[in-house]
Amino acid sequence: MGSFLSSFLGGSTALDSSSSSSESSRVMSFHSSARWQLHFNSCKESSQLMVVDFAASWCGPCKLMEPAVHDMAAKFTDVEFAKIDVDELSDVAQEFSVQAMPTFVLVKNGKEVDRVVGANKDELEKKIQKHRG
């Protein structure tokens, strides 16, 4: 429990590191399980669609998808986009049963409504359009 508190209290920059790679990015990167859990819990009451991108820094297809995900985040402003590095937050990846990268989990009201496994930009965009309304 102490490590939970220290990671929660100590990580003030864990949420906004994505802004350094792209100034206008709407994709929030999480580097702390505690911060992710707080954010995810706050979204459980919301019917807003959230797309969680499970990726890894060494994953080629993940890097190929990154510009497309940022484009979709700019296009679908009514949808929330989050990014989880599976190596940094392996517990979160396990919680969502992620077995391949990239995996995109679409969540509404704290529950998974759909997922896309692999670098399939068109399928991801179709599923976002289907569930965002």
Side-chain angles (χ1 to χ4, degrees):
M1 183 79 166
S3 63
F4 171 80
L5 283 176
S6 62
S7 66
F8 172 66
L9 297 172
S12 61
T13 60
L15 191 57
D16 37 39
S17 66
S18 64
S19 62
S20 62
S21 61
S22 174
E23 288 304 313
S24 61
S25 174
R26 291 190 60 254
V27 180
M28 289 190 290
S29 291
F30 290 87
H31 303 281
S32 152
S33 294
R35 283 190 180 271
W36 163 252
Q37 207 58 56
L38 278 174
H39 182 74
F40 186 69
N41 288 341
S42 73
C43 295
K44 284 182 178 178
E45 304 302 314
S46 172
S47 61
Q48 180 184 26
L49 179 64
M50 177 168 55
V51 177
V52 187
D53 174 5
F54 288 93
S57 58
W58 47 264
C59 167
C62 301
K63 289 180 180 170
L64 285 174
M65 282 295 288
E66 198 165 340
V69 171
H70 286 276
D71 289 346
M72 286 182 225
K75 179 178 178 180
F76 301 117
T77 56
D78 57 330
V79 177
E80 192 171 324
F81 287 79
K83 184 171 184 165
I84 304 282
D85 184 308
V86 297
D87 292 324
E88 285 183 13
L89 302 183
S90 58
D91 55 329
V92 178
Q94 284 178 337
E95 187 182 323
F96 282 89
S97 304
V98 172
Q99 298 181 351
M101 274 76 66
T103 293
F104 300 91
V105 178
L106 285 69
V107 177
K108 250 185 173 175
N109 297 313
K111 297 195 180 355
E112 180 177 335
V113 293
D114 221 330
R115 80 170 44 203
V116 175
V117 178
N120 191 331
K121 181 179 78 143
D122 295 334
E123 184 183 358
L124 178 61
E125 190 158 356
K126 277 184 202 154
K127 288 188 176 188
I128 289 171
Q129 287 178 328
K130 174 184 172 185
H131 293 289
R132 65 190 271 243

| field | Cluster link Val113 to Leu124, ILVMFWY, side chain under 4.5 Å | value | yes

| message | Cys59: which residues meet the disulfide (SG to SG under 2.5 Å) condition with it, sequence neighbours left out? | response | Cys62

| remark: For Trp36 and Ala82 the tightest heavy-atom approach is CZ3-CB, 4.0 Å

| Sequence neighbours excluded, which residues qualify as side chain to side chain donor-acceptor pair (under 3.5 Å) partners of Lys44? | Asn41

| query | If two hydrophobic side chains count as joined below 4.5 Å and joins carry through other members, does Val117 share a cluster with Val98? | reply | no

| message | How long is the straight-line distance from NE2 of His31 back to CD1 of Ile84, given to the nearest 0.5 Å? | response | 9.0 Å

| pair Arg35-Met28: side-chain heavy atoms closer than 4.5 Å | no

| query | Does anything in residues 46-58 pair up under side chain to side chain donor-acceptor pair (under 3.5 Å), and if so which pairs, sequence neighbours excluded? | reply | Trp58-Asp87

| request: Using the ring pair (Phe, Tyr, Trp, His ring centres under 6.0 Å) rule, collect all pairs that involve residues 100-133, keeping only residues at least two apart or in two chains. | output: none

| query | Which residues pass the ring-ring contact (aromatic ring centres under 6.0 Å, His included) test with Phe76, sequence neighbours left out? | reply | none

| field | Within the 6.0 Å centroid threshold, strictly below: Phe40 and Phe96 | value | yes

| field | Euclidean distance, Asp71 CG relative to Glu66 CD, rounded to 0.5 Å | value | 11.0 Å

| query | Of all residues at least two apart in sequence or in a different chain, which pass the side chain to side chain donor-acceptor pair (under 3.5 Å) check with Asp78? | reply | Arg132

| note | Phe81 meets the ring-ring contact (aromatic ring centres under 6.0 Å, His included) criterion, sequence neighbours left out, with none

| Under 4.5 Å between any side-chain heavy atoms of Cys43 and His39, yes or no? | yes

| request: Compare every heavy atom of Phe30 with every heavy atom of Leu89, then report the nearest pair and how far apart it is. | output: CD1-O, 3.5 Å

| field | Of all pairs that satisfy side chain to side chain donor-acceptor pair (under 3.5 Å), the ones with a partner from residues 117-128, not counting sequence neighbours | value | Lys75-Glu125, Asp114-Lys127, Asn120-Glu123, Glu123-Lys127

| message | Which residues pass the side chain to side chain donor-acceptor pair (under 3.5 Å) test with Glu112, not counting sequence neighbours? | response | Arg115

| said: Show the nearest heavy-atom pair for residues Leu64 and Pro67, with the distance to one decimal. | reply: O-CD, 3.4 Å

| message | Give me each pair satisfying disulfide bond (SG atoms under 2.5 Å apart) with a member in residues 66-133, each pair once, sequence neighbours excluded. | response | none

| What distance separates Lys83 NZ from His70 NE2, expressed to the nearest 0.5 Å? | 6.0 Å

| Stepwise side chain to side chain contact (heavy atoms under 4.5 Å, CB included) check, Leu106 with Val79 | CA-CA 10 Å; Leu106 285 69; Val79 177; over 6 Å; no

